[in-house]
Amino acid sequence: MKIALAIVTLSTMLSACAGLPGVTSPAYAVTAEAPPAAFIAATPEDDETAAEKRANEGLPSVELTEELMFKILTAEISFQRGGWQPAYASMLASAKETADPRLARRAAEMAIGAKQPDEALAAIRLWRALAPTSEEATQYYLGLILIGDDLAEVQEVFEQRLRDVRPQSRGILLLQIQRLLLRVKDKKAAFVIMEKLSAPYLDLPEAHIALAQAAFASNDSVRARAEAVTALNARPNSDIAALTLAQVITDKDEALQSLKAFLKANPASREVRIAYGRMLVEQNQYAKARVEFETLLTAQPDDLTTLFALGILSTQTSDFKQAEKYLTTYLKLLAEQPDSARDPAQALLVLSQIAEERKDIDGALIYLAQIGPGEAYFGAQLKRAQLMAQGGQLASARQLLATLSGDSEREQILVIQTDAQILRDANLQQQSFQVLETGTRRFPENIDLLYDFAMAAEKSNVLDKMETALRTVIKLAPDNQHAYNALGYSLAERNLRLPEAAKLVEQALKLAPNDPFILDSMGWVQYRQGKLQEAEDLLRRAYTLRQDAEIAVHLGEVLWVRGQKSDAQKFWRDARTKDPKNDSLKSTLARLQVQL
């Protein structure tokens, strides 16, 4: 079941946990990039009138003359037609003539739209000069300066902000500055700036947290740990200090113990418990992680993130009854309180897979039918078609696939492959072959489609088309070991051109020396060439790597021919247990006139 659930990975759950409002997890603290607009604004403007805003930003009274109107319109038209340079130059010149920061801003927007950072920065400098109190101009300025790594210039801005902000907000501002500095490519230089900015405020735990994060970003784990410890000692109940310390500890087990110890002293810390649960998941300790999320759910029974996380964790621990309980509750609450940031598709996919696991095809189809347009929609429709075919609705399944045109070449190819697969599973080999042949005419250089067509041709015994397709794959992708192996094995299976078959499989082995199926092919080639000892050695090695029914059948035949009949029958019985309907086993036993 864990393999079946691959479509919903644990990273999905982790992302959901990280999305909680106010959560600052260890990973988030290092990787998140705050946009310039996230920087602390001077004052809210929600209730200001247009005149007040104009006065606050020092906007001049500019007469909109015909000449100025003409310049602005001409610049805009030029920009819309792709002529960013004359448009930008005209708008910037007008801004200088009128001292109107709005025109400088528009010039900056034009340069940004044209991906011209130097010109954008020149316009933004003018904008700030004309409107020195404009928070928006400062935000644009900081964003571009940080991208350009001119840290000396931004240091003065940050220093001024730290002096001007209210003392009770200074710690938050230090953390925001650190997040902005994460944009800088030169992390060591960013740490130096952070160290200078923090120096006057080392009495604040946030200063040490910012330094720890900056040091960690610059690969100085020793300094990072020392700063995080200082912050936590100064404020033992600080969630962000505990999270930062766990973040900068390089040993994952020690980091886990750090969070565990914090939770023992601060059991109500939701953010740290989420981070602790996530770290347990990352280390595949699903049962322990589940306990932590159950604790979180007890505190907040209707929390969507926790319900979803528990649904996924329950599937990983094979508790499908509980998984259904958590996920259906999640979907019910989400329906009652729609959240545009949450997509029910992942939960529906997991529920459909659980239903499929217990052979409830109709139940699985009901869940899949509820998945609406979005990222998961196309894949859900392919799965619906497969399940419909499994349930005996082959015509309906193919009709559904016919409605899926696919927005991209990849999606169109997936429709073809799915159609061929359900026909193959229905034992309609010739129709499957025809679907794939038509597909290769539409997409003659798609490697996956060519390979599938080659396998269908082999099943239909159309060997010339099989070989042509596989040689095309080899030409298009010389490192594709599967194509060499498939062609070599097919020749060996039919006892044709054995020296050439050996060379093909040898090439496949060079590309993938420990692939059990390629070792199986080489063992079969050796068997066809009468090299029984070499064949047995290779096939035993292949079976050790992968106890596959097909490999067991081949090894059994080699042992049978060598007179080791009881061992041969043992491997054949294993093959029958693994795959009772295996055609290769049936034909081998019939050919050798053996009854198990």
Side-chain angles (χ1 to χ4, degrees), residues 33-166 173 176-177 180 183-184:
E33 287 190 359
F39 202 59
I40 284 183
T43 55
E45 296 181 341
D46 296 344
D47 299 326
E48 288 183 337
T49 63
E52 287 172 333
K53 288 176 67 177
R54 184 165 168 259
N56 286 344
E57 295 189 1
L59 296 178
S61 296
V62 179
E63 183 183 355
L64 188 61
T65 63
E66 289 185 10
E67 180 183 0
L68 180 58
M69 174 70 82
F70 178 77
K71 286 181 179 179
I72 293 172
L73 290 176
T74 302
E76 291 292 350
I77 292 170
S78 176
F79 183 70
Q80 290 174 14
R81 292 177 177 176
W84 76 268
Q85 288 175 306
Y88 167 82
S90 177
M91 197 66 73
L92 193 63
S94 296
K96 291 177 181 177
E97 290 172 9
T98 61
D100 193 327
R102 291 168 294 189
L103 299 181
R105 172 185 172 169
R106 183 58 186 144
E109 291 172 345
M110 287 176 169
I112 291 170
K115 298 181 180 179
Q116 302 295 324
D118 292 340
E119 286 77 5
L121 186 54
I124 290 168
R125 288 186 197 280
L126 177 60
W127 179 11
R128 287 194 74 218
L130 297 174
T133 62
S134 170
E135 190 65 32
E136 190 176 12
T138 299
Q139 290 165 6
Y140 271 85
Y141 170 73
L142 287 172
L144 277 178
I145 289 292
L146 288 169
I147 292 173
D149 290 344
D150 191 351
L151 299 185
E153 200 168 347
V154 296
Q155 183 179 339
E156 295 181 7
V157 177
F158 288 143
E159 287 175 342
Q160 186 62 49
R161 287 300 177 88
L162 286 166
R163 285 193 295 268
D164 293 345
V165 75
R166 294 178 302 169
L173 182 54
Q176 288 185 321
I177 290 172
L180 286 172
R183 295 167 165 266
V184 177

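Keep in mind the model is a prediction, meaning the values are calculated, not measured.
Taking both residues in full, the closest heavy atoms of L130 and A95 are given as CD1-O, 4.0 Å, listed atom of the first, atom of the second, then distance. The nearest pair of heavy atoms linking A107 to L92 is CB-N, 4.0 Å. Minimum heavy-atom separation, A104 to A123: O-CB, 3.7 Å. Nearest heavy-atom pair across A75 and M91 is CB-CE, 3.9 Å. The two residues A137 and I124 make their nearest non-hydrogen contact at O-CG2, 3.9 Å.
Within the 4.5 Å cutoff, the side chain of T65 has no heavy atoms near those of the F70 side chain. Between F79 and M110 there is a side-chain heavy-atom pair separated by less than 4.5 Å. Contact of the L68 side chain with the S94 side chain is registered, since non-hydrogen atoms from C-beta on lie closer than 4.5 Å. Within the 4.5 Å cutoff, the side chain of L121 has heavy atoms near those of the Y141 side chain. The shortest side-chain heavy-atom distance between L162 and I177 falls under the 4.5 Å cut-off. Between L144 and Y140, every side-chain heavy-atom pair lies at or beyond the 4.5 Å cut-off. For the pair L142/F158, a side-chain contact is recorded, criterion being any heavy-atom separation below 4.5 Å from C-beta on. For the pair V154/L180, no side-chain contact is recorded, criterion being any heavy-atom separation below 4.5 Å from C-beta on.
Residues meeting the side-chain hydrogen bond (donor to acceptor under 3.5 Å, both in side chains) test with E76, sequence neighbours left out: R106. For E119, the salt bridge (charged side-chain N to carboxylate O under 4.0 Å, His left out) criterion is met by no residue, not counting sequence neighbours.
Between the OH atom in Y88 and the CD1 atom in I112 there is a gap of 10.5 Å [rounded to 0.5 Å].
Among residues at least two apart or in separate chains, salt bridge (Lys or Arg N to Asp or Glu O under 4.0 Å) pairs with a member in residues 81-99 are K71-E97.
Checking side-chain atoms of S78 against main-chain N and O of P86 turns up no donor-acceptor pair under 3.5 Å.
Between R161 and E135 there is a salt bridge, with a side-chain nitrogen of the basic residue lying less than 4.0 Å from a carboxylate oxygen of the acidic one.
Using a 3.5 Å distance cut-off with no hydrogens or angles, the side chains of E156 and Q160 do not pair a donor with an acceptor.
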